[in-house]
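Throughout, protein chains are lettered first and strands after them, A, B, ... in sequence-line order, and every chain is numbered starting at 1. What you see is a predicted model; the values in this text were computed from it and never measured.
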There are 2 protein chains.
Amino acid sequence: MAAQRGQRNGVGGDTPPAPTAAEITTPIPRVAEVPAARERARAIPEAAVARLAVYLRVLSAMQEQGAVTVSSEELSAAAGVNSAKLRKDLSYIGSYGTRGVGYEVTVLIEEIERILGLTRKHSVAVVGIGNLGHALANYGGFPGRGFPVSALFDVDPDLVGVPVGGIAVHHIDDIPAVCAEREVSIGVIATPPPAAQAVCDRLVEAGVQCILNFAPVVLQVPDHVEVRKVDLAVELQVLSFHVARRADDAAAMEGRQVNGMVVS
Amino acid sequence: MAAQRGQRNGVGGDTPPAPTAAEITTPIPRVAEVPAARERARAIPEAAVARLAVYLRVLSAMQEQGAVTVSSEELSAAAGVNSAKLRKDLSYIGSYGTRGVGYEVTVLIEEIERILGLTRKHSVAVVGIGNLGHALANYGGFPGRGFPVSALFDVDPDLVGVPVGGIAVHHIDDIPAVCAEREVSIGVIATPPPAAQAVCDRLVEAGVQCILNFAPVVLQVPDHVEVRKVDLAVELQVLSFHVARRADDAAAMEGRQVNGMVVS
DNA sequence: GCCTGTGAACGGCTTCACAGCG
DNA sequence: CGCTGTGAAGCCGTTCACAGGC
């Protein structure tokens, strides 16, 4: 898995599910009266949401190859998980399979897209048009499209006005105005670390509710804003840890004269 | 990820060094008396390893500002986690704090670097010199350096020989030779999806043990190879899910006439 | 008194295994 | 009979709370 969770500003503990004043004194466990859609959506584990996105991509590929139905076994193999987990994940969004047969590809695609909110387009703004920003801007139409990059920003006056990936770069001072006008719902921060927090503040000010942060900085945001962080240095360091562990293992085995059998 | 087969081997918890050889009733060949370093390294939760990398960056920044000691409270706040988690994470690598005082910055940095295997440089090879590959190649010296990008590869003959970020691009057919020569330990895949598996196979063939995969593909690798995946489309879709959930919540509240209190 | 280090409680994700239905 | 859907068990990481040193 990639992308560490992280963010969560909370000073002490994290906010519990969402206990309203009413819940406190309820001595009897009872079924909540909350709207079904909301409840169900909230009940999906974050980890499962990420996997649903993967299933969606696999399903799209299968659909293009003309597949009409898939079994949990096939789909899970293609997505790199085990079938029990896949069925559990799908059960979070409802029961769309046919026992003894499998799932209808088109139905699953529709349902997953609905749950992930992909039926609605989400405009993306990329801030920081350096190497990474360039790459992201040109990525145009991410796989499993639905995320049009509709605004680019940078501090550098020389970049302002220059078209990158077909879109003109604006100055970061224009973030509020341009984001509002183009109804940007997701902001991507690809600036140097020192600039990240200021950019983040501007995005929040502009009403952006979700941020994908590539800068190695812990962003401070209001509770209603969701942040996901992609940290390349961390990824490499985690890999480094595994290299080191492996080396230790090897050294240990060699030095210990273990019998021929290798455990792993 | 992969790693099916439970391979239990008397690795209890983090109990004191007391290998109870008596309890084993299985005649299965096993490694007795495992080295402490290996044991400890294996016991660190993956999630904790990722956070250690974050602490390291924060500590480096603090060191540059002249800090000599930090308390778990300060460090955890700067890293965006709670202090209990931070102390637990640090306890996995040993006891380097002073009760009543805190941790010595330089000591912590050294120990974390040691555990993450950063005392040894890890050569990185980037395969696929498109937009993203370019960005990665120029990233040169990732924050918290120690990961020199020492080889670049692409299929495109026109790119071969062209210097990117100071390094000449090689053809992917040369992966085995070049990687061996430059002792590459980490491979980064930034190719289009269809090429990813083939490139991965070549890297494995070249002896690379860890791979960072940016292609939206589930790679098949031998058990001894570690893969981490960064999937931009999945990140965006997870954010999309949250946007949708928020919208549902708002709609639900409005339609339900919830009492004045706002939950989150 | 203050802050670290950690056993134990807790909660959430994963795995199991089988009931349920086509 | 096959495959989905799911309660229940198991496992693992997080949180709590306090013992242990300084």
Side-chain angles (χ1 to χ4, degrees), chain A residues 1 4-8 10-19 40 42-52 54-55 68-77 79-105 107-108 111 238, chain B residues 1-8 11-16 40 42-52 54-55 68-77 79-105 107-108 111 238:
Chain A
M1 197 213 324
Q4 289 334 94
R5 296 254 37 221
Q7 276 310 315
R8 269 320 56 152
V11 185
D14 247 337
T15 32
R40 207 186 303 135
R42 174 149 296 158
I44 305 180
E46 181 98 359
V49 173
R51 286 191 298 268
L52 284 172
V54 175
Y55 304 153
V68 177
T69 60
V70 258
S71 66
S72 61
E73 208 64 55
E74 296 171 293
L75 182 51
S76 65
V81 303
N82 70 43
S83 64
K85 190 185 286 182
L86 176 122
R87 288 200 301 278
K88 190 58 139 188
D89 288 344
L90 293 183
S91 79
Y92 291 127
I93 67 175
S95 300
Y96 302 104
T98 305
R99 292 164 196 247
V101 181
Y103 302 88
E104 211 171 314
V105 175
V107 173
L108 264 196
E111 293 304 328
V238 172
Chain B
M1 199 164 296
Q4 303 286 67
R5 289 292 152 219
Q7 39 199 21
R8 287 300 88 143
V11 184
D14 39 8
T15 38
R40 206 186 302 135
R42 175 151 295 157
I44 305 179
E46 180 100 358
V49 173
R51 285 191 299 268
L52 284 172
V54 175
Y55 304 153
V68 177
T69 60
V70 258
S71 67
S72 62
E73 208 64 57
E74 296 171 294
L75 183 51
S76 66
V81 304
N82 69 43
S83 64
K85 190 186 285 183
L86 175 121
R87 288 200 302 278
K88 187 60 132 187
D89 288 345
L90 293 184
S91 79
Y92 290 129
I93 68 174
S95 300
Y96 302 105
T98 306
R99 293 166 196 246
V101 180
Y103 303 88
E104 211 171 316
V105 175
V107 173
L108 264 196
E111 292 304 327
V238 171

Return the polar atom pairs (N/O with N/O) between nucleotides 8-11 of chain C and the protein under 3.5 Å, or none.
none

Under-3.5 Å N/O pairs linking protein and nucleotides 20-22 of chain D:
residue	atom	partner	partner atom	Å
D/dG20	N3	B/R99	NH1	2.9
D/dC22	O4'	B/R99	O	3.4

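Taking OG1 of B/T69 as the start and CG of B/L75 as the end, the distance is 11.5 Å to the nearest 0.5 Å.
To the nearest angstrom, P of C/dG12 lies 11 Å from OH of A/Y92. Between A/Y96 atom OH and C/dG22 atom P there is a gap of 17 Å when expressed in whole angstrom units. Per the geometry, CG belonging to A/L108 stands 16 Å off P belonging to D/dC3, to the nearest Å. Across the protein-nucleic acid pair, B/E73 atom CD and C/dC2 atom P stand 13 Å apart, rounded to whole Å. Distance CD1 (A/I44) to P (C/dG12): 15 Å, rounded to an integer number of Å. As rounded to whole Å, 12 Å separates atom P of D/dG5 from atom CG of A/L75. Atom CD in A/E46 sits about 12 Å away from atom P in C/dT14, given to the nearest Å. Between A/D89 atom CG and C/dC13 atom C1' the separation is 10 Å, expressed in whole Å.
A/R87 is linked by a salt bridge (Lys or Arg N to Asp or Glu O under 4.0 Å) to nothing, counting only residues two or more places apart in sequence or in another chain. For B/Y55, the side-chain hydrogen bond (donor to acceptor under 3.5 Å, both in side chains) criterion is met by B/D89, not counting sequence neighbours. Taking the salt bridge (Lys or Arg N to Asp or Glu O under 4.0 Å) definition, one finds that A/E111 meets it with A/R114, sequence neighbours left out. The side-chain hydrogen bond (donor to acceptor under 3.5 Å, both in side chains) search around B/S71 returns B/E74, not counting sequence neighbours.
Closest to the side chain of A/R87, from the set D/dC18, D/dT14, D/dG5, is D/dG5.
Residues A/V238 and B/L52 form no side-chain contact, since every pair of their non-hydrogen atoms from C-beta on lies 4.5 Å or further apart. A/V54 is not listed as a side-chain neighbour of A/V81, based on a closest heavy-atom distance of 4.5 Å or more.
Legend: salt bridge (charged side-chain N to carboxylate O under 4.0 Å, His left out) pairs involving residues 90-105 of chain B, not counting sequence neighbours: none detected.
Of the residues near DNA chain D, A/G102 and B/K85, the one whose nearest nucleotide (by heavy atom distance) lies more toward the 5' end is A/G102.
Contact annotation: B/Y103 side-chain N/O to C/dG5 OP1/OP2 distance is under 4.0 Å. Taking only side-chain nitrogens and oxygens, B/S71 never comes nearer than 4.0 Å to OP1 or OP2 of C/dC3. One finds a side-chain N or O of A/N82 lying less than 4.0 angstrom from the OP1 or OP2 phosphate oxygen of C/dT15.
Smallest separation of non-hydrogen atoms from B/G97 and B/Y103: CA-CD2, 3.4 Å.
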